There are 2 protein chains.
Amino acid sequence: MTDNRYVIPLEDLKSFCADALIQEGMHEEYARITAEVLAETDALGTHSHGTKNLHNYIRKMRAGGMALNAEPVVLKEGPGYALIDGKAAIGMVPAYKAMELAIQKASECGIASVVVKNTSHFGAAGYYANMASNKNMIGLAFSNVDTNMTIPGARGKVIGNNPMSYGVPAGHYSPVFLDIAMSSVASLKVVQARKDGKPVPDTWIIDGEGLPTTDPSRYPEEGAMQPMAAHKGYGLALMIEILTGVLSGGGIMSEVPSWLFSMETKNNVSHNFIVIDVSKFMEPDEFNQRMEGVVNYLHDIPKAKGTERIYYPGEMEWDKYRKVNAEGLSLPEDVAASLQGLADDFGLTVPWAQLEGNGE
Amino acid sequence: MTDNRYVIPLEDLKSFCADALIQEGMHEEYARITAEVLAETDALGTHSHGTKNLHNYIRKMRAGGMALNAEPVVLKEGPGYALIDGKAAIGMVPAYKAMELAIQKASECGIASVVVKNTSHFGAAGYYANMASNKNMIGLAFSNVDTNMTIPGARGKVIGNNPMSYGVPAGHYSPVFLDIAMSSVASLKVVQARKDGKPVPDTWIIDGEGLPTTDPSRYPEEGAMQPMAAHKGYGLALMIEILTGVLSGGGIMSEVPSWLFSMETKNNVSHNFIVIDVSKFMEPDEFNQRMEGVVNYLHDIPKAKGTERIYYPGEMEWDKYRKVNAEGLSLPEDVAASLQGLADDFGLTVPWAQLEGNGE
């Protein structure tokens with residue numbers, strides 16, 4: 001899917017995205033936060049949640065569905081918690097600031113939860129969890145999203161495939177981290193199977209009658225995604241809805257429109273960032289050594305027939321990240337096209353790396 | 001599976017269990033906590049984790065694998081956290097006290113995490129989560145367990161199918177709660193299929209080569225459970241291992257023996273109890289109304305073809321609980337046999353209800 005025509009140094013991608021946002025009128029600090037979150041997400045290989053979306057975020061701001069320079073407001077605050085009104089800002093700004101606050105509060109109380117309401121799609125949850133793991137803390141990030149998933153016994157879209165992420169420092173290894181949604185698979189996989197005309201496993205989606213189907217053309221018009229692991233994914237998606245939209249006083253389930261397909265409508269999602277300061281439980285060096293032991297144990301486990309290597313959660317992403325640092329970020333064609341559209345919109349030039357054989 | 005010969009009033013079951021423990025020499029307070037947790041778990045229908053295990057817990061204490069009257073010790077403590085040494089006690093006692101402490105600390109900080117190490121099997125995680133939901137708080141309970149599950153690409157047992165639970169108050173509805181393990185299914189289902197000589201889905205277990213199999217006879221000797229939802233269940237089981245055994249300084253993965261099959265060995269599990277005080281974010285009445293709205297929304301969702309009713313997480317268990325309160329607790333034969341063995345051991349009588357048609 002990647003194309004070595006579209007290689008860009010990571011820091012140049014951040015500058016390019018920030019420049020577009022600043023030109024649009026965004027405060028420089030907010031522009032740099034947004035660019036940082038999106039470009040780092042591309043660097044981990046999660047291109048569906050990275051800089052590809054920036055042009056649409058800007059379109060959404062122009063359509064009135066998102067605020068360009070809203071300043072997040074702390075509505076309630078105490079030793080280990082805060083509630084923030086995101087003021088319909090682009091999601092990365094209140095999310096970044098909420099995680100910073102959760103890290104600070106956890107360093108005092110041992111654990112903290114900072115909840116954000118009235119905000120927008122925050123990109124990939126994993127970025128925020130790793131803000132904590134980079135400070136020797138355990139980070140958790142949760143968000144609700146628009147409904148795209150069924151629950152056992154239902155027909156239609158009932159709840160979002162709400163994402164969650166965790167990040168944990170692991171000594172000389174890059175952090176252990178996981179960033180997952182509560183559906184069996186990402187909806188993009190269903191869309192791809194539909195394009196390819198291939199059947200999908202009967203655990204991925206339901207049809208218009210609420211029954212499992214292998215026909216990908218039933219989604220998204222009439223069907224819905226299935227939760228991972230049936231009632232377990234249902235229960236966990238609902239937990240995330242409670243920790244975010246219910247607890248924040250924000251939108252819940254059908255009150256949350258798609259950020260992308262309702263450009264002029266506020267996204268109305270909520271997040272929750274929970275941080276645990278491991279130094280309250282043991283010396284960080286000891287914790288990191290224990291985590292190195294966990295990674296070594298996983299790496300050394302006997303392999304299944306045909307398997308050569310076992311990965312710890314997040315390891316595949318860090319492998320990509322190291323390659324990006326060494327060789328530049330190689331973007332898939334759809335991301336490159338979106339960035340080119342953004343550049344055209346602003347009269348900018350995408351700073352593609354000048355590689356041998358580049359061009360065409 | 002239940003048998004109307006074995007009906008017992010819930011409070012009588014608690015007294016019977018407490019009497020046995022007191023006769024064994026346990027402090028009355030600890031005996032009543034243990035009996036309460038186990039009997040309430042039966043009342044929710046989770047008989048695999050209820051009073052059936054009490055006789056084996058007592059055998060484990062006699063074998064030296066668990067302490068009869070160990071007092072949990074707080075090793076570290078701050079505004080929103082504590083670390084407790086369970087002193088190899090029967091798991092319910094430190095778990096109950098840890099959740100009480102987490103509730104108290106959350107009422108001050110907004111959120112709290114109390115971690116327990118060096119403890120034993122705590123029964124069902126759901127009991128503790130609901131201690132918080134009964135106080136108008138959100139409760140989460142996590143535990144590691146002995147390794148019984150593989151991870152993607154591995155052969156053999158790598159990590160426990162670590163359980164987690166959450167409980168949330170829901171106004172005039174009984175709490176929304178979920179109590180799940182990270183394997184595709186409970187190992188008891190594999191054992192049952194093996195007894196019945198029936199194949200299992202290929203997502204339940206792996207064989208001795210680490211490959212998915214439909215042959216239940218491959219477990220537990222050579223195979224292992226599969227995580228729910230493949231890499232997602234792996235990542236979540238590891239998150240729980242980190243929040244419990246790694247953070248506590250206790251046993252992790254292969255350092256945790258089965259509580260049941262190694263009677264003379266300390267179980268060495270760890271727990272983490274996280275509580276969020278919703279009153280810090282909004283009035284509890286408002287939160288409860290919002291949760292009632294969530295339940296109403298779920299109940300009113302259009303049903304799939306062939307489905308008559310949609311349940312919120314925990315609702316099936318509360319239906320059983322209400323039936324128990326009205327009619328007494330009807331126990332399956334294996335639980336009844338275990339209680340009878342316990343009674344014989346102590347010269348006690350199981351206080352079966354005197355129902356019409358009861359007895360042979």
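What you see is a predicted model, and the numbers here were worked out from it, not measured in a lab.
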Go through [options] and name the one with the most non-hydrogen pairs under 4.5 angstrom from chain A.
options: B:I252, B:V294, B:I159; value: B:V294
options: B:I180, B:L247, B:L211, B:I242; value: B:L247
options: B:G245, B:P302, B:G210, B:G306; value: B:P302
options: B:I111, B:I138, B:V115, B:V185; value: B:I111
options: B:G110, B:A229, B:G235; value: B:G235
options: B:G293, B:S113, B:G78; value: B:S113

Contacting region of [X] [heavy-atom separation from chain A under 4.5 Å]:
X: B:K76; result: side chain
X: B:E108; result: backbone
X: B:F281; result: both

Would you confirm whether [X], through its side chain, and [Y], through its main-chain N or O, come within 3.5 Å as a donor-acceptor pair?
X: B:Y81; Y: A:V278; value: no
X: B:Y297; Y: A:V158; value: yes
X: A:K232; Y: B:L178; value: no

How many angstroms lie between atom [atom1] of [X] and atom [atom2] of [Y], to the nearest 0.5 angstrom?
X: A:E209; Y: B:T307; atom1: CD; atom2: OG1; answer: 11.5 Å
X: B:I151; Y: A:I301; atom1: CD1; atom2: CD1; answer: 6.0 Å
X: B:K280; Y: A:L83; atom1: NZ; atom2: CG; answer: 13.5 Å
X: B:E241; Y: A:L298; atom1: CD; atom2: CG; answer: 9.5 Å

Q | Which atom of A:P152 lies closest to which atom of B:I310, heavy atoms considered | A | O-CG1, 4.2 Å
Q.
Is it true that, when you exclude B:E221 itself, more than 12 heavy atoms of the residues, nucleotides or ligands shown sit nearer than 6.0 Å to its CD?
A. yes
Q: Would you sort out whether B:M239 and A:M164 count as a side chain to side chain contact (heavy atoms under 4.5 Å, CB included), showing the intermediate values?
A: CA-CA 12 Å; B:M239 177 187 80; A:M164 69 169 283; 3.8 Å; yes
**Q.** Part of A:L75 within contact of chain B (heavy atom distance under 4.5 Å)
**A.** neither
